[in-house]
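When reading the values below, keep in mind they use all heavy atoms of this one structure, side chains included, and skip hydrogens, waters and symmetry mates. This is a predicted model, so every value here is computed, not measured.
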Amino acid sequence: MDFIRSAARRRTLGALAGTALIAAVVQIPASAGTATAPDKSSARAGQSSFSAADDDEYYKDAEGKTGEELKTALHGIISKGVTKLSYDEVWDALKETDKDPDNSGNVILLYSGESESADNNGGGVDQWNREHTWAKSHGDFGTSAGPGTDVHHLRPANVKVNSIRGNKDFDEGGEEVEGAPGNKTDDDSFEPRDEVKGDVARMILYMDVRYEGDDEYPDLEANDKVDNGSAPNIGKLSVLKKWSDEDPPDKFEQNRNQVIFDKFQHNRNPFVDHPEWVADIYK
């Protein structure tokens with residue numbers, strides 16, 4: 001059984017890498033302020049160094065598990081030996097994790113897809129800031145070290161677009177967001193553009209697994225609701241599952257996971273490595 005699951009893991013990793021490389025055949029160079037989203041699948045081949053053998057070793061405690069048992073095992077794995085960043089250190093981390101593969105002085109903004117100067121960060125309307133995909137008010141964890149600074153769910157975003165998203169849950173529908181074509185919002189939810197729907201889903205589910213209330217942090221749980229307010233919940237789980245399935249990890253997202261593991265927190269988002277685990281846990 002272990003041999004079969006290990007072989008399956010290797011096939012999954014190979015399939016993901018192959019899909020990302022095929023998607024990266026045609027590239028358009030990015031430049032600061034461009035209105036056209038660069039193809040984020042173009043992260044340089046070879047940057048990711050997480051092999052099938054590394055995968056087997058890192059996730060060995062998850063071997064043969066499913067459902068809540070798998071979730072518990074993954075929580076233990078991704079909670080060990082984690083380096084916690086300060087909120088100021090997040091700025092520098094995002095300049096590495098979300099670097100434009102075609103312009104090393106820029107970062108790719110999550111919702112708009114624009115390539116923006118990495119140094120143009122701050123609070124101005126034309127700058128980028130630190131977007132908490134799991135809104136920090138959902139569980140009231142703020143920006144202190146831990147969930148408030150966990151780079152696995154923090155992404156660069158245009159200040160104005162970030163403000164429009166606010167602390168809304170994720171769901172489908174609404175009016176298109178000004179300055180971020182493809183994104184939609186209504187009174188109680190936000191829908192990201194198609195190219196990052198899976199990224200958002202896997203970030204939210206990472207937070208659900210990573211923070212289980214067994215330390216000083218709240219027990220974060222994704223649910224199938226919107227308008228969750230200050231409760232430690234974010235939805236909509238059924239939609240997030242669909243997004244993860246429809247938008248599998250690409251090379252940019254895989255590279256981001258590796259950079260966080262190698263250079264910053266030294267833990268991984270298991271749903272980027274194994275998107276099939278979304279269905280195994282959230283049935």
Side-chain angles (χ1 to χ4, degrees), residues 71-72 74-99 107 109-111 118-124 127-170 190 192 199-223 225-235 240 253 256-272:
K71 184 179 181 184
T72 298
L74 292 177
H75 170 69
I77 292 167
I78 66 176
S79 300
K80 291 177 183 175
V82 178
T83 297
K84 298 173 185 176
L85 305 182
S86 71
Y87 201 44
D88 283 341
E89 289 173 329
V90 168
W91 288 121
D92 291 332
L94 294 181
K95 293 176 183 180
E96 288 290 324
T97 61
D98 291 75
K99 183 183 296 183
V107 294
L109 306 187
L110 176 64
Y111 298 128
D119 294 329
N120 189 31
N121 58 299
Q127 292 183 301
W128 66 268
N129 62 1
R130 297 157 292 188
E131 154 71 332
H132 293 76
T133 55
W134 188 294
K136 58 184 180 290
S137 63
H138 289 238
D140 196 27
F141 51 75
T143 60
S144 56
T149 65
D150 195 317
V151 188
H152 277 296
H153 86 114
L154 283 156
R155 298 290 290 267
N158 172 268
V159 168
K160 183 177 179 180
V161 177
N162 192 357
S163 178
I164 292 171
R165 187 264 157 147
N167 67 350
K168 294 175 181 176
D169 294 80
F170 293 103
F190 190 91
D199 306 50
V200 168
R202 287 180 286 274
M203 287 187 284
I204 293 297
L205 298 180
Y206 161 86
M207 294 291 282
D208 178 291
V209 172
R210 170 67 180 88
Y211 299 99
E212 292 282 8
D214 54 1
D215 46 29
E216 69 268 34
Y217 307 120
D219 181 7
L220 304 181
E221 293 288 342
N223 64 13
K225 297 168 51 180
V226 294
D227 202 14
N228 277 291
S230 62
N233 306 106
I234 277 187
L240 295 171
E253 191 180 358
R256 187 176 197 278
N257 196 28
Q258 189 68 33
V259 171
I260 294 172
F261 180 69
D262 287 339
K263 295 185 177 182
F264 297 104
Q265 294 182 185
H266 312 297
N267 72 339
R268 305 184 68 83
N269 183 335
F271 301 114
V272 176

Looking only at heavy atoms, what is the nearest atom pair of [X] and [Y], with distance?
{"X": "Ala93", "Y": "Val151", "result": "CB-CG2, 4.1 Å"}
{"X": "Gly235", "Y": "Asn228", "result": "N-ND2, 3.6 Å"}
{"X": "Asn233", "Y": "Asp169", "result": "O-OD2, 4.2 Å"}
{"X": "Val159", "Y": "Gly122", "result": "CG2-O, 3.5 Å"}
{"X": "Ala135", "Y": "Gly166", "result": "CB-O, 4.4 Å"}
{"X": "Val107", "Y": "Pro156", "result": "CG2-CB, 4.1 Å"}

Full working for ring pair (Phe, Tyr, Trp, His ring centres under 6.0 Å) between His138 and Tyr211: CA-CA 13 Å; His138 289 238; Tyr211 299 99; over 10 Å; no
Yes or no on side chain to side chain contact (heavy atoms under 4.5 Å, CB included) for Met203 and Trp134, after CA distance, side-chain angles and deciding distance? CA-CA 8 Å; Met203 287 187 284; Trp134 188 294; over 6 Å; no
For Asn162, the side chain to side chain donor-acceptor pair (under 3.5 Å) test, sequence neighbours excluded, returns Asn129
Sorted by chain and residue number, the side chain to side chain donor-acceptor pair (under 3.5 Å) partners of Ser230 (sequence neighbours excluded) come out as none
Scan residues 75-92 for pairs that pass salt bridge (Lys or Arg N to Asp or Glu O under 4.0 Å), counting only residues two or more places apart or in two chains. Asp61-Lys80, Lys84-Glu216
Summary of salt bridge (Lys or Arg N to Asp or Glu O under 4.0 Å) pairs that have at least one residue in residues 201-213, sequence neighbours excluded: Lys71-Asp208, Lys71-Glu212, Arg202-Glu253
With Pro192, which of Asp199, Leu110, Val200, Thr133 fulfils side-chain contact (heavy atoms from CB on, under 4.5 Å)? Val200
So His266 and Val82, side chain to side chain contact (heavy atoms under 4.5 Å, CB included) or not? Walk me through it. CA-CA 6 Å; His266 312 297; Val82 178; over 6 Å; no
Answer whether the closest heavy-atom distance between the side chains of His75 and Asp214 falls below 4.5 Å. yes
Is Leu154 close to Glu131 at the side-chain level, that is, under 4.5 Å between some pair of heavy atoms? no
Hits for side-chain contact (heavy atoms from CB on, under 4.5 Å) against Asn257, two or more places apart or cross-chain, chain-then-number order -> His152, Arg268, Asn269, Val272, Asp273
Under the ring pair (Phe, Tyr, Trp, His ring centres under 6.0 Å) test, which residues partner Tyr111, sequence neighbours left out? Phe190
Counting N and O atoms only, with roles assigned by atom type, does the side chain of Arg256 sit under 3.5 Å from a partner on the main chain of Val259, one being a donor and the other an acceptor? no
Taking Ser79 for the side chain and Gly76 for the main chain, is one N or O donor matched with an acceptor at less than 3.5 Å? no
Lys95 NZ: over 12 foreign heavy atoms closer than 6.0 Å: yes
Could you give the distance from OG1 (Thr149) to CZ (Phe264), rounded to the nearest 0.5 Å? 12.5 Å
Quick one: pull up CG in Leu240 and CD1 in Ile204 and give me the separation to the nearest 0.5 Å. 6.5 Å
Does the side chain to side chain contact (heavy atoms under 4.5 Å, CB included) test come out yes or no for Leu94 and Trp128, once each step is laid out? CA-CA 11 Å; Leu94 294 181; Trp128 66 268; 4.0 Å; yes
Less than 4.0 angstrom from a charged side-chain N to a carboxylate O is my criterion; do Asp98 and Arg155 meet it? yes
